[in-house]
Amino acid sequence: MQERYEPAAVEAEAQHYWDHQHSFEAKEDDSREKYYCLCMFPYPSGRLHMGHVRNYTIGDVLARFMRMKGHNVLQPMGWDAFGLPAENAAIANGVPPAKWTLDNIANMKAQLKSLGYGLDWTRELRTCDPAYYRWDQWLFLRMLEKGIAYQKTGVVNWDPVDKTVLANEQVIDGRGWRTGALVEKREIPMYFLKITAYAEDLLQALDHMPDWPERVRTMQANWIGRSEGVRLGFPHEIGEGGVLYAFTTRADTIMGVTFCAVAAEHPLAAHAAQDNPRLAAFIEECKRGPAVEAELATQEKKGMPTGLSVRHPISGEAVPVWVGNYVLMSYGDGAVMGVPAHDERDFEFAKKYGLSIQPVIDVDGRTYSTEAWQPWYSAHGRCVNSGRFDGLDYQGAVDAVAADLGAKGLGEKRVTWRLRDWGISRQRYWGCPIPIIHCTGCGAVPVPDEQLPVVLPVNLVPDGSGNPLLKCPEFLHVKCPKCGADARRETDTMDTFVDSSWYFLRFACADNDQAMLDYRVQHWLPVDQYIGGIEHAILHLLYSRFWTRFMHDMGALSFNEPFTRYFAQGMVLNEVFFRRPESGRVEYFNPSDVVLSTDKSTQRRVAVLRADGKEVESGGVVTMSKSKNNGVDPQALVDEFGADTARLFMMFAAPPEQSLEWSDEGVQGAFRFIKRLWKAVHEHVSRGSAPPLDKSALSEAQRAMRRQSHQTLAKVADDFGRRRTFNTAIAAVMELLNALGKFPQESPQDHSVQQEGLEIAVLALSPIIPHVTHALWQALGRRTALIDEPWPEVDAEALQSASVQLVVQVNGKLRGHISVAVDADEAAVRAAALAEPNVKKFVGAAPVRKLIIVPGKLVNIVV
RNA sequence: GCCCGAAUGGCGGAACUGGUAGACGCGCCGGACUCAAAAUCCGGUGGUGGUGACACCGUGUGGGUUCGAUUCCCUCUUCGGGCACCA
């Protein structure tokens with residue numbers, strides 16, 4: 001065995017071995033339990049970032065651990081290869097998105113390989129391949145047939161200069177990112193997927209997913225947003241007469257209605273604006289406003305009276321109708337009943353425009369004031385000032401109001417959802433073409449199955465103005481499949497979330513060019529463990545759950561839920577350094593160009609730019625991003641320290657679901673630990689080979705050492721398998737190694753105990769640092785390959801101990817420790833605790849009021 | 001604005017089911033080795049008081065439940081994620 005640890009050689013050797021043995025190629029095999037471990041596939045941006053490394057290391061540790069536990073593991077990898085960045089790169093560099101994307105994939109694949117992940121590359125897929133996206137198209141046509149895909153108009157951001165639809169991230173302060181032109185909103189025809197048809201099921205199933213994080217299930221439930229309430233009608237004689245409908249969850253406050261507010265897009269608003277130019281202008285202003293919910297919700301609440309009024313459905317009194325910029329056309333009926341006394345937004349609106357405020361709920365007899373909003377104003381209570389509803393509680397009032405309105409034909413109980421249908425049309429080039437042909441005679445005609453795939457031309461270079469597919473006659477001009485007349489191909493492509501909504505299915509059968517799925521899906525799916533960023537906790541996961549349900553309902557899948565267990569990993573953060581020149585923009589400096597030191601006199605930390613030796617400011621620790629220039633290139637790390645150090649640091653620095661702070665010193669520490677492990681094995685084997693362990697003839701010290709080895713083994717298995725806390729598993733092995741280092745090496749049996757401890761350390765760490773442990777396993781004299789080694793059994797005998805340490809508290813404060821026999825009875829424990837000198841001092845002459853014994857843990861004496 | 005999280009030494013974090021707060025690592029301090037430096041090894045390291053045994057204080061804020069709270073409940077503050085065309 002070599003004395004020095006040289007990661008480059010060790011890693012090349014291990015990776016070569018795995019490649020040569022095809023160690024990670026998964027075969028269907030009914031004799032072993034399958035384990036499908038999947039990490040979210042990357043967008044091929046060009047280089048791996050630390051978030052990828054973290055994600056894939058977590059997945060690889062679990063995959064390797066489950067493999068050792070005897071499972072038949074599938075861990076595949078692919079590329080989420082369509083998307084906006086490829087078009088942005090094309091605009092910047094004049095390179096077609098296809099070339100840019102494929103080059104990036106080649107680079108990133110090499111990086112993934114250098115990190116030693118146990119991936120089955122025979123199943124690799126790219127969503128930009130026609131062999132993949134033809135099934136996007138095929139399934140879209142099935143959705144059309146079932147009425148799950150349909151066409152309606154949707155709102156987009158329009159750049160009037162570039163004549164291009166902009167993504168939300170391309171709109172900066174209401175202006176186009178390239179032109180600076182004021183962005184307009186436009187309504188255009190789009191395709192939608194009716195995810196709302198599955199709302200109830202998507203929500204209820206969350207209760208039966210115990211292996212998803214609670215917070216993710218809560219986020220999804222809130223996103224779906226089931227509200228039980230009452231849809232009520234305000235009759236009116238405006239135009240041809242009719243009823244203004246509004247949904248409310250607070251029908252008990254109906255007698256407090258002092259106004260109604262409708263969205264700018266509401267028909268009543270349009271009607272009122274016909275002969276009211278000021279109102280028309282206000283409606284236009286609202287329509288131009290932000291499309292993003294976060295901005296909509298934080299903008300100043302504005303409104304304008306329509307001059308129209310509707311009749312209150314109970315009292316028959318006239319209620320004025322306003323247009324409000326805070327009313328969403330997409331929720332409920334696009335109108336709200338205004339109850340300023342019991343809704344904070346209505347309160348704010350009424351105060352601003354001098355509308356009357358009418359309290360109708362009594363909350364524990366508290367005094368209501370119209371001066372300032374108090375949180376309890378929106379609490380449930382009993383109806384007052386509400387005529388025949390007076391005295392009713394929340395549920396009673398809601399029932400009574402619903403019954404009353406029902407009798408009049410002006411409303412009923414109703415469930416409303418926050419979830420909206422999924423608009424999938426994108427007016428962009430680099431995506432999966434929507435398989436539709438537009439014919440002047442026949443309308444929108446689906447492309448026949450036998451003409452699939454509709455292949456995307458790969459050599460176009462977008463220039464930022466308009467969709468390049470519109471300028472591509474070979475693509476655009478086509479015959480109508482129905483009547484044969486000249487027709488035009490749909491140039492919109494699909495949202496990239498479509499591609500990622502089913503890729504996990506395709507990994508089971510990526511080589512099948514005849515069908516979307518085959519029998520192997522039944523073997524591998526559902527995914528046993530899905531791992532990915534918390535930022536995907538809602539959209540991607542919800543879309544995938546919806547997609548799986550649709551395929552189940554069409555008979556293609558036997559299961560409803562695609563991911564049995566989901567793990568949400570935390571973000572990777574790093575400190576950000578910058579200078580703010582007196583004039584001009586803030587300049588960010590990469591942390592690798594900054595030198596940190598501590599000023600001895602002031603104890604202040606000083607950050608200096610290496611290039612000019614002058615100070616830079618610190619902006620705190622934030623998510624690694626291009627814009628803040630605080631990313632660390634994983635490749636540099638692998639080149640300098642090796643993949644094992646990168647993997648070990650990532651797993652040790654923080655628990656995997658929490659955010660992780662980058663630290664150069666931490667990386668050094670991980671490297672140092674691997675070197676120590678290497679050295680420990682080297683010193684051990686240089687003493688010659690160990691004789692077999694004789695368990696019947698061990699000293700107390702040897703037994704204690706064995707106990708720690710096996711306790712560590714049990715803890716690591718629990719941390720990997722149940723808790724998913726790799727940081728504490730590593731800490732436990734570090735402790736074991738520290739103890740082995742202090743363990744005397746005098747007798748042959750000492751040597752054997754040491755051998756066993758080192759073998760446990762190597763096996764326990766092998767899922768995390770697979771390369772170096774591969775080499776150390778051989779060095780320890782084992783002739784098998786570590787990759788095929790099973791997870792070792794804990795020796796129950798080694799865990800046994802004759803005595804146990806107890807903590808003794810007096811009035812809840814720690815006062816001493818006692819050691820008692822494992823099988824000591826309560827009286828013996830009590831006596832030992834009261835006899836402890838320091839405990840005696842604190843108990844003194846006071847009578848013992850109560851004595852609590854927690855077996856195996858502590859004694860608390862209350863005096 | 002709404003929804004979901006998080007907050008513990010100089011720093012990252014540990015304490016798993018309400019039971020020893022600070023495991024493990026980093027940094028720092030002291031020492032060994034060295035002509036010297038790096039690397040490595042050994043020892044120390046929450047704060048205050050005390051020569052010391054030890055005592056008191058201490059888990060973002062303020063309150064509550066409990067024999068006992070970092071852990072459970074309520075309040076507030078700050079930071080992070082998501083908000084439907086970034087992926």
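Reckoned from all heavy atoms, side chains included, excluding hydrogens, waters and symmetry mates. Chain A is the first sequence line, chain B the second, and so forth, proteins listed ahead of strands; every chain is numbered from 1.
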For [N] and [M], measure between their [atom1] atoms and round to the nearest Å.
N	M	atom1	value
B/G62	B/A7	C1'	16 Å
B/U59	B/G12	C1'	16 Å
B/C3	B/U20	C1'	39 Å
B/G80	B/C42	C1'	42 Å
B/U51	B/A55	C1'	15 Å
B/U48	B/G43	P	25 Å

Side-chain donor or acceptor of [X] under 3.5 Å from a matching atom on the base of [N]?
X	N	answer
A/Q809	B/C67	no
A/R849	B/C67	no
A/N860	B/C67	yes

Please give, in whole Å, the distance from B/C83 P to A/E295 CD? 12 Å

Of the listed nucleotides B/G27, B/A84, B/C24, the one nearest the side chain of A/R672: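 The listed nucleotide nearest to A/R672's side chain is B/G27.
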
Please tell me which of the listed nucleotides, B/A87, B/C4, B/A15, lies nearest to the side chain of A/N222? B/C4

Does atom CD of A/E826 have more than 12 heavy-atom neighbours from other groups under 6.0 Å away? no

Flag if over 12 foreign heavy atoms under 6.0 Å of NZ, A/K163: no

Mind checking whether A/H536 and A/H540 have parallel, tilted or perpendicular rings, split at 30° and 60°? perpendicular

Within 45° of the axis and under 6.0 Å from the centre of the six-membered ring of A/F192, does NZ or CZ of A/K152 qualify?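 Yes, A/K152 lies over the aromatic ring of A/F192.
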
Both conditions, 6.0 Å and 45 degrees, for the charged tip of A/R186 above the ring of A/W158: are they met here? yes

Quick one: label A/Y326 by what it contacts on the DNA or RNA (base, sugar-phosphate, nothing), any heavy atom closer than 4.0 Å. nothing

Mapping A/L573 and A/K301 to their closest nucleotides on RNA chain B, which lands nearer the 5' end?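 The residue whose closest nucleotide sits nearer the 5' end is A/K301.
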
With a cut-off of less than 4.0 Å, is there a side-chain N or O of A/T496 near OP1 or OP2 of B/A87? yes

